[in-house]
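These notes concern the structure reproduced below.
Heavy atoms only: backbone and side chains are in, while hydrogens, waters and symmetry mates are out.
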Amino acid sequence: MATLAELFAAAVQHHQTGHLSQAAQVYRQILQQQPDHARALNMLGVIACQTGNLSEGISYYQQAIAIAPALIDAYHNLALALQMTGKVDAALQQYRMAIAQQPNHVETHHQLGRLLIQQGQIKEGMAHYQQALAVKPNYAPVMASLGTVLLQLGHLPDAIAYLQQALQTQPDLVPAWQCLGQALQLSGRLDEAATALQRSLTLQPNPAIHYLLGKVLEEQGNIEAAIAQFQSALQLQPNYPEADWQHHLILPVSYDTPDQRAYHRQRFCRSLNQLIHQADLTTSAGQQAALQGLGSRTNFYLAYQGWNDRGLQQKYGHFVHQIMTANYPQWSELPTSSSLSPASPSPTPSPKLRIGYLSAHLMAHSAAAWARGWIREHDRHQLEIYCYHIGQHTDFITKEFHDLSDHFRHVPGDLAQIAQQVRVDQLDILIFTDIGMDARTTQLAGLRLAPIQCTAWGHPVTSGLPTIDYYLSSDLMEPENAQQHYSEQLVRLPNIGICYSKPPLPDVRYSRTQFGLREDAIVFLSFQAPYKYLPQYDEVFAQIAYRLMQFNLMAQFVFLRPASNYGVERWQRRLQSAFATVGLESQNHCVLLPKLDRPVYWSLNLVSDVFLDTIYWSGGNSTLEAVAYGLPVVTLPGEFMRGRHSAAILQRLGVTETIATDLTDYINLAVRLGTSLTWRQEITTKIQAGHDRLYDDRECVRALEAFFQQVAQR
């Protein structure tokens with residue numbers, strides 16, 4: 001006759017091979033011989049839960065614990081079953097009882113910490129992770145879980161460290177590779193992120209990993225490889241709205257040739273029409289799928305192709321509005337006073353206009369930081385200011401927005417939470433500072449959350465949304481026919497349209513050699529994002545360098561280094577090709593520097609000779625910083641407002657000599673500034689003399705307030 005141990009081993013064998021009924025039969029045979037066999041009761045509970053009999057499984061676990069209070073597996077299994085039935089408090093109690101039995105049991109601390117974090121008790125949950133690591137310092141599953149939480153909290157360096165340590169110990173942890181890829185992507189370490197996600201796919205094909213890898217490859221600029229990853233995700237999971245939208249509406253970060261630019265614009269047009277045609281907004285499932293797809297990306301890069309986007313933006317904007325109305329009909333129109341919920345009382349009655357500013361970038365980010373001047377200078381006798389920061393992360397600039405507001409709302413939650421908060425505040429006017437920079441902002445802008453809704457030049461292109469009434473722009477930046485470029489009513493605020501404070505002198509100054517620059521070179525600063533450079537203008541840099549060589553002068557151009565090796569190689573190939581046309585080696589003239597902290601970048605301005613504005617998409621914040629340090633700016637105004645920032649800034653300064661009329665004039669001006677130290681110094685003197693007219697300009701704020709009063713009365 002078989003012993004109990006032999007029977008138990010046979011039952012486990014049946015269980016492991018999927019023969020659950022045979023396993024259960026043997027466990028019951030064991031219990032007939034020994035009714036208090038706790039491990040057999042525990043395993044019967046496992047089989048019951050696996051076959052969907054949760055209440056029966058819970059009963060078995062409870063019997064096992066009553067017989068053997070130190071049987072930790074039974075506590076874990078009972079807690080899991082209780083979680084599955086929605087009894088979270090009871091599950092937490094079981095984990096705590098297990099810890100009372102074995103205070104140093106690593107996996108119990110791990111599971112309790114995970115459940116606490118799921119319930120929003122982050123601090124207590126992480127404490128249990130740390131207790132587990134205190135007992136077993138190199139336990140990979142706990143390190144991976146801790147790294148995952150730190151990623152969710154935005155503590156990227158610590159998250160990366162824990163995830164890497166976990167994977168060194170246990171390289172087959174697939175979820176850890178995924179989280180590491182996400183953390184590295186958010187940190188701008190795109191090459192490492194791609195490697196981590198590719199490693200995850202070699203261990204286990206997964207549509208979510210294909211999707212994430214596609215996003216990383218897109219950010220690197222490897223558009224064809226990104227499309228292939230989105231297609232792989234859709235093959236594994238055909239009903240994957242996010243991958244579907246990415247596959248259809250993806251646009252390159254930059255282009256190698258003008259023909260590529262035309263091809264991808266045509267592809268975008270066709271794909272947008274396909275998405276509109278296939279969208280089913282009549283069913284709940286179809287509405288939700290469209291909302292998920294819309295929330296997965298923006299059409300940010302469309303504007304950087306350099307054409308008039310009004311028609312395409314309007315088609316896209318009306319589609320956005322249809323999707324948002326289908327999902328949130330309660331916020332598609334303004335409520336009447338009789339329909340306001342009594343659970344959401346209106347704010348205290350006030351004669352002041354309630355003005356809201358909403359962005360995911362109310363922090364040290366060019367998309368919205370410019371709005372501080374408006375808010376700081378607003379007349380609080382007339383206006384009551386509400387700021388809505390819908391981004392996860394905050395910094396010292398976020399605190400400035402907080403301190404400048406009458407009411408500051410940090411609402412990084414879901415769309416419904418944000419929309420409800422804005423509606424409760426009953427604004428008179430809502431300003432979206434940067435539609436197109438963030439998917440959730442675009443979604444919210446597709447609703448009617450205030451009677452009057454505006455957008456502004458955080459992303460200087462029309463929104464195309466029928467829910468946005470006005471575009472707040474600059475009189476000096478707009479051409480005469482500017483209204484043709486906007487679906488909104490254009491508001492031309494005086495001068496450059498914003499109240500911008502002069503940047504300070506950096507506390508620590510860096511020398512040219514610290515930036516890898518030659519002391520004897522004429523340094524041209526052109527430190528813009530890669531997507532601002534269209535390939536047809538690459539030859540400008542080569543022509544300037546060639547012309548300066550005729551005066552025995554060496555030109556050096558300082559560019560922002562792309563975030564990935566792929567992007568660097570692509571940019572270098574373009575520069576090599578351009579400089580080769582005039583018989584020069586680009587590596588002798590072009591210096592690529594990584595993204596710099598603000599004070600370090602200011603020092604780079606101080607050691608440069610000339611600021612070369614990007615053609616067709618002008619510098620904004622960067623030009624305002626350059627002229628703060630007296631750096632001469634060469635610019636060629638474009639057709640649209642986004643290509644006319646620098647020209648407006650120079651006009652306000654009273655320095656129009658370096659505003660070019662065409663490409664030839666642009667090159668001639670750059671060469672003259674490079675060869676004539678006297679003229680450079682004269683331009684610098686004029687720039688500095690005009691600072692008082694440019695910075696902290698309150699005239700535009702008064703005009704903005706007059707506009708608020710006018711449209712509110714209307």
Side-chain angles (χ1 to χ4, degrees), residues 355 357 359 361-379 385 387 395-401 403-405 431 433-434 437 454-460 471-478 491-506 525 527-528 598-599 601-602 604-606 611 613-614 617-633 635 637 641-656 659 684 686-705 707:
I355 309 297
Y357 288 86
S359 174
H361 303 104
L362 297 185
M363 50 187 184
H365 193 291
S366 60
W370 56 268
R372 285 177 297 166
W374 283 358
I375 297 170
R376 183 182 64 245
E377 300 300 333
H378 274 322
D379 182 355
I385 303 301
C387 280
D395 59 19
F396 68 102
I397 298 296
T398 310
K399 186 178 185 307
E400 283 193 37
F401 277 107
D403 294 342
L404 290 170
S405 307
I431 300 167
T433 62
D434 47 83
M437 295 285 290
C454 310
T455 188
W457 69 302
H459 186 47
Y471 192 101
L472 307 176
S473 186
S474 151
D475 187 45
L476 287 179
M477 292 180 189
E478 295 288 359
V491 179
R492 304 172 69 126
L493 298 174
N495 308 324
I496 67 167
I498 59 172
C499 182
Y500 196 95
S501 294
K502 183 178 177 180
L505 288 171
L525 182 61
F527 207 68
Q528 303 288 343
R598 221 69 197 148
Y601 175 70
W602 293 336
L604 179 59
N605 279 265
L606 288 169
F611 181 94
D613 195 26
T614 32
W617 192 298
S618 182
N621 285 280
S622 57
T623 304
L624 287 163
E625 290 171 329
V627 296
Y629 306 116
L631 196 58
V633 175
T635 187
M641 178 259 202
R642 54 188 180 267
R644 303 169 69 89
H645 301 334
S646 294
I649 291 166
L650 291 177
Q651 287 179 63
R652 187 62 180 159
L653 288 168
V655 182
T656 58
I659 301 176
T684 294
K686 288 191 69 173
I687 287 173
Q688 291 169 338
H691 280 176
D692 289 343
R693 292 190 298 274
L694 177 67
Y695 296 109
D696 293 318
D697 181 7
R698 296 171 180 82
E699 184 181 352
C700 64
V701 183
R702 301 288 82 83
L704 180 61
E705 291 166 344
F707 162 76

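Between Ser473 and Glu478, the side chains place a donor N or O and an acceptor N or O closer than 3.5 Å (distance only, hydrogens not considered).
For Arg693, there are no salt bridge (charged side-chain N to carboxylate O under 4.0 Å, His left out) partners, not counting sequence neighbours. With sequence neighbours excluded, the residues forming a ring pair (Phe, Tyr, Trp, His ring centres under 6.0 Å) with Phe527 are Tyr601, listed by chain and number. Remark: Asp395 engages Met363, Ala364, Ile397, Thr398 in a side-chain contact (heavy atoms from CB on, under 4.5 Å) (not counting sequence neighbours). Residues passing the side-chain contact (heavy atoms from CB on, under 4.5 Å) test with Ala456 are Trp370, Trp374, Leu472, sequence neighbours excluded. Qualifying side chain to side chain donor-acceptor pair (under 3.5 Å) partners for Thr455, counting only residues two or more places apart in sequence or in other chains: none. Listed by chain and number, the residues in a side chain to side chain donor-acceptor pair (under 3.5 Å) with Glu377 are Arg698 (sequence neighbours excluded). Annotation: salt bridge (charged side-chain N to carboxylate O under 4.0 Å, His left out) contacts of Asp692 (sequence neighbours excluded): none. Annotation: side-chain contact (heavy atoms from CB on, under 4.5 Å) contacts of Lys399 (sequence neighbours excluded): Asp403. For His378, the side chain to side chain donor-acceptor pair (under 3.5 Å) criterion is met by Tyr357, Glu705, not counting sequence neighbours. Listed by chain and number, the residues in a side chain to side chain donor-acceptor pair (under 3.5 Å) with Gln688 amount to none (sequence neighbours excluded). Partners of Phe611 by ring pair (Phe, Tyr, Trp, His ring centres under 6.0 Å), not counting sequence neighbours: none found. Remark: Leu404 pairs with Arg372, Ile375, Arg376 by the side-chain contact (heavy atoms from CB on, under 4.5 Å) rule, at least two apart or across chains.
Contact annotation: the side chain of Pro503 never approaches that of Asn605 to less than 4.5 Å [non-hydrogen atoms, C-beta and beyond]. Using a 4.5 Å heavy-atom threshold, the side chains of Tyr500 and Leu694 count as separate.
Taking CG of Leu631 as the reference point, atom OG of Ser622 lies at 10.5 Å (rounded to 0.5 Å).
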